[in-house]
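One is the number of the first residue; the rest follow in order along the sequence.
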Amino acid sequence: MKLAHRTTTNNWLPSLIDEMFTNDYMGGTAPIKSWNPAVNISEADDKFELDMIIPGFKKENISIEVDQDVLTISSEVINDKEEKTEQFTRKEFTLKSFSRSFNLPDTVNKEDIAADYNDGILNVVLPKKEEALPQPKRMITLK
């Protein structure tokens with residue numbers, strides 16, 4: 001079932017407007033596009049595991065915080081690059097940043113969350129509380 005219907009007869013107008021406002025005709029006036037890193041979340045019997053791909057960031061620039069039931073992973077890095085020649089000086093600032101937030105279920109043990117960053121992949125382990133772990137079968141005797 002479609003929630004919206006788009007006609008294809010006048011498809012050139014939105015692309016023309018998009019190109020007019022996103023092309024870099026003036027040498028640096030194009031809007032900055034936001035970036036959200038890709039995330040894989042898996043669940044095992046005793047933990048949740050979150051893998052986020054964030055290449056080009058350093059460990060010391062990554063911030064992971066838990067506030068109430070929300071896990072927030074963020075980073076902000078400002079780089080400046082200067083290029084000098086005989087005729088001109090060009091200096092550019094680049095800002096690499098992201099922020100992702102995740103609602104934690106009640107079953108997560110917030111005190112034992114661990115994280116590791118290696119080769120551009122951030123791995124966050126969210127262990128489950130003891131009472132949320134699967135319980136073995138037990139036999140009940142009749143009285």
Side-chain angles (χ1 to χ4, degrees), residues 1-140:
M1 179 173 143
K2 290 183 179 179
L3 297 178
H5 179 70
R6 173 181 254 181
T7 60
T8 58
T9 56
N10 291 332
N11 209 14
W12 59 272
L13 186 59
S15 64
L16 179 66
I17 293 172
D18 286 343
E19 185 170 325
M20 191 167 44
F21 287 110
T22 58
N23 258 346
D24 194 9
Y25 296 118
M26 303 301 247
T29 59
I32 297 171
K33 295 180 181 177
S34 63
W35 174 73
N36 278 326
V39 176
N40 292 336
I41 301 173
S42 59
E43 181 179 4
D45 287 340
D46 60 340
K47 65 182 175 183
F48 293 97
E49 206 162 335
L50 184 143
D51 291 320
M52 180 181 288
I53 184 163
I54 46 176
F57 288 86
K58 296 180 182 174
K59 279 184 184 182
E60 54 270 8
N61 295 331
I62 300 170
S63 171
I64 302 171
E65 66 179 37
V66 176
D67 185 21
Q68 303 285 331
D69 290 333
V70 178
L71 173 75
T72 302
I73 303 170
S74 62
S75 181
E76 185 173 282
V77 179
I78 298 175
N79 295 324
D80 58 339
K81 180 175 99 175
E82 190 170 334
E83 182 181 324
K84 290 186 179 183
T85 65
E86 294 177 10
Q87 299 171 347
F88 68 92
T89 299
R90 176 179 165 179
K91 190 169 186 175
E92 291 185 6
F93 293 100
T94 57
L95 172 67
K96 293 191 314 183
S97 68
F98 70 90
S99 181
R100 296 282 309 257
S101 295
F102 305 91
N103 291 323
L104 297 176
D106 294 334
T107 57
V108 170
N109 183 355
K110 296 176 193 84
E111 309 305 320
D112 293 334
I113 295 175
D116 183 38
Y117 181 68
N118 194 11
D119 293 334
I121 298 175
L122 176 68
N123 176 265
V124 181
V125 177
L126 307 158
K128 292 182 179 179
K129 292 178 182 175
E130 193 67 35
E131 60 266 16
L133 297 177
Q135 301 298 321
K137 278 190 207 178
R138 65 183 186 106
M139 296 301 292
I140 300 173

- In this structure, OG of S75 is separated from CD1 of I54 (nearest 0.5 Å) by 7.0 Å

- Message: Contact between L122 and I53 at the side-chain level, heavy atoms closer than 4.5 Å - yes or no?
- Response: no

- Message: Please check this pair: side chain of Y117 against backbone of F57, looking for a donor-acceptor N/O pair closer than 3.5 Å.
- Response: yes

- Query: Judged by modelled atom types alone, do D51 and N123 share a side-chain donor-acceptor pair under 3.5 Å?
  - Reply: yes

- Message: Does E60, at its CD atom, have more than 12 non-hydrogen atoms belonging to other residues, nucleotides or ligands within less than 6.0 Å?
- Response: yes

- Task: Examine distances only and state if a side-chain atom of R100 and a backbone atom of S74 form a donor-acceptor pair shorter than 3.5 Å.
- Result: no

- Inter-residue atom distance E49.CD - E43.CD, 0.5 Å rounding: 12.0 Å

- Nearest-0.5 Å distance that lies between atom CG in N109 and atom CD in E131: 8.5 Å

- Task: May I ask you to test the E65-T72 pair for a side-chain heavy-atom distance under 4.5 Å?
- Result: yes

- Query: Is the CG atom of D116 crowded by more than 12 outside heavy atoms at less than 6.0 Å?
  - Reply: yes

- Can you find a heavy atom in the side chain of M52 that is under 4.5 Å from one in the side chain of V39? yes

- Message: Strictly distance-based, threshold 3.5 Å: is any side-chain N or O of K47 a donor or acceptor partner for the main-chain N or O of V108?
- Response: no

- Task: Report yes if some heavy atom in the side chain of N103 is under 4.5 Å from a heavy atom in the side chain of V70; otherwise report no.
- Result: yes

- Note, F48 side chain near V124 side chain (heavy atom, < 4.5 Å): no

- Query: Are side-chain N/O atoms of N61 and E76 paired as donor and acceptor at under 3.5 Å?
  - Reply: no

- Task: Measure the spacing between CG of L104 and CG of L71 and express it to the nearest 0.5 Å.
- Result: 5.5 Å

- Message: Please determine whether salt bridge (charged side-chain N to carboxylate O under 4.0 Å, His left out) holds for the pair D69 and K110, giving the CA-CA distance in whole Å, both sets of side-chain angles, and the decisive distance to 0.1 Å.
- Response: CA-CA 9 Å; D69 290 333; K110 296 176 193 84; 3.0 Å; yes

